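Below is one structure, written out as structure tokens; the observations come after it.
Quantities reported herein were computed from a predicted structural model and do not represent experimental measurements. Below, all heavy atoms of this structure are taken into account, side chains as well, without hydrogens, waters or symmetry copies.
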Amino acid sequence: MDFNIGPTQDDLDMYIELQAFDVDIIVVTTKYDKVKSSHRLKQEKVIRSKFFEGQKIYFTSSETKFGIDKLINEEFSNE
């Protein structure tokens, strides 16, 4: 999901549909670097408010590589 835009209605509909399955859901946002640093915390709060409490959400940027290592280490290092 685009960090700047936040979850679209399609994103939220898919999230609700996935709740019916017995799988861990991971939300990954992209383009974190495109938002001014002074607005990032506010946008993180807005995004978190759209999902269930405790939902794993990763904020990433492919351009700056922000958050990529954290995502890989926490989700894929045990495989």
Side-chain angles (χ1 to χ4, degrees):
M1 147 183 37
D2 188 308
F3 180 77
N4 190 34
I5 295 170
T8 64
Q9 189 60 51
D10 285 342
D11 294 327
L12 296 173
D13 290 344
M14 178 61 73
Y15 179 71
I16 295 301
E17 291 293 322
L18 288 171
Q19 298 298 317
F21 298 94
D22 188 25
V23 296
D24 291 332
I25 298 170
I26 302 167
V27 175
V28 179
T29 67
T30 59
K31 301 181 184 174
Y32 185 81
D33 61 298
K34 301 298 181 192
V35 175
K36 291 181 183 179
S37 59
S38 60
H39 295 117
R40 289 178 184 159
L41 184 59
K42 180 180 177 187
Q43 185 65 356
E44 285 183 28
K45 288 180 182 179
V46 168
I47 290 171
R48 287 187 192 284
S49 74
K50 303 290 183 177
F51 297 97
F52 293 126
E53 187 174 336
Q55 174 61 57
K56 286 184 183 181
I57 302 176
Y58 292 94
F59 303 103
T60 68
S61 166
S62 61
E63 189 170 307
T64 66
K65 306 302 182 215
F66 176 85
I68 302 294
D69 286 341
K70 181 178 180 181
L71 171 63
I72 291 169
N73 289 337
E74 291 183 7
E75 298 302 329
F76 301 106
S77 64
N78 293 331
E79 292 184 0

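No side-chain heavy atom of K56 sits under 4.5 Å from any side-chain heavy atom of D24. Put simply, the side chain of S77 does not reach to within 4.5 Å of the side chain of I72, judged on heavy atoms. Residues K70 and E74 meet the side-chain proximity criterion, which asks for heavy atoms closer than 4.5 Å.
If you chain together hydrophobic residues whose side chains sit under 4.5 Å apart, I16 and I47 fall into the same group. A single hydrophobic cluster is not seen to contain both I57 and I5; linkage of ILVMFWY side chains at heavy-atom distances under 4.5 Å, directly or through other members, places them apart. Taken together through direct or relayed side-chain contacts under 4.5 Å among Ile, Leu, Val, Met, Phe, Trp and Tyr, Y32 and V27 form part of one hydrophobic cluster. M1 is connected to M14 through a chain of hydrophobic side-chain contacts under 4.5 Å among Ile, Leu, Val, Met, Phe, Trp and Tyr, so both are in one cluster.
Under the salt bridge (charged side-chain N to carboxylate O under 4.0 Å, His left out) criterion, D13 pairs with no residue at all, not counting sequence neighbours.
In this structure, E63 contributes its side chain and K34 its backbone to no donor-acceptor pair below 3.5 Å. Side-chain N or O atoms of Q43 include one that pairs as donor or acceptor with a backbone N or O of N4 at under 3.5 Å.
F52 and Y15 have tilted rings, their planes meeting at an angle from 30° to 60° on a 0 to 90° scale. F59 and F3 have perpendicular rings, their planes meeting at more than 60° on a 0 to 90° scale where under 30° would count as parallel.
Taking CG of L18 as the reference point, atom CZ of F21 lies at 7.0 Å (rounded to 0.5 Å). Here the OG1-OH distance, from T29 to Y58, works out to 11.5 Å after rounding to the nearest 0.5 Å.
Nearest heavy atoms, K31 versus D2: CD-OD2, 3.3 Å. When all heavy atoms of S61 and I68 are compared, the pair lying nearest together is O-CG1, 3.9 Å. Nearest approach of V46 to K50, heavy atoms of both residues: O-CG, 3.4 Å. Residues P7 and L12 share a closest heavy-atom pair of CB-CD2, 3.8 Å.
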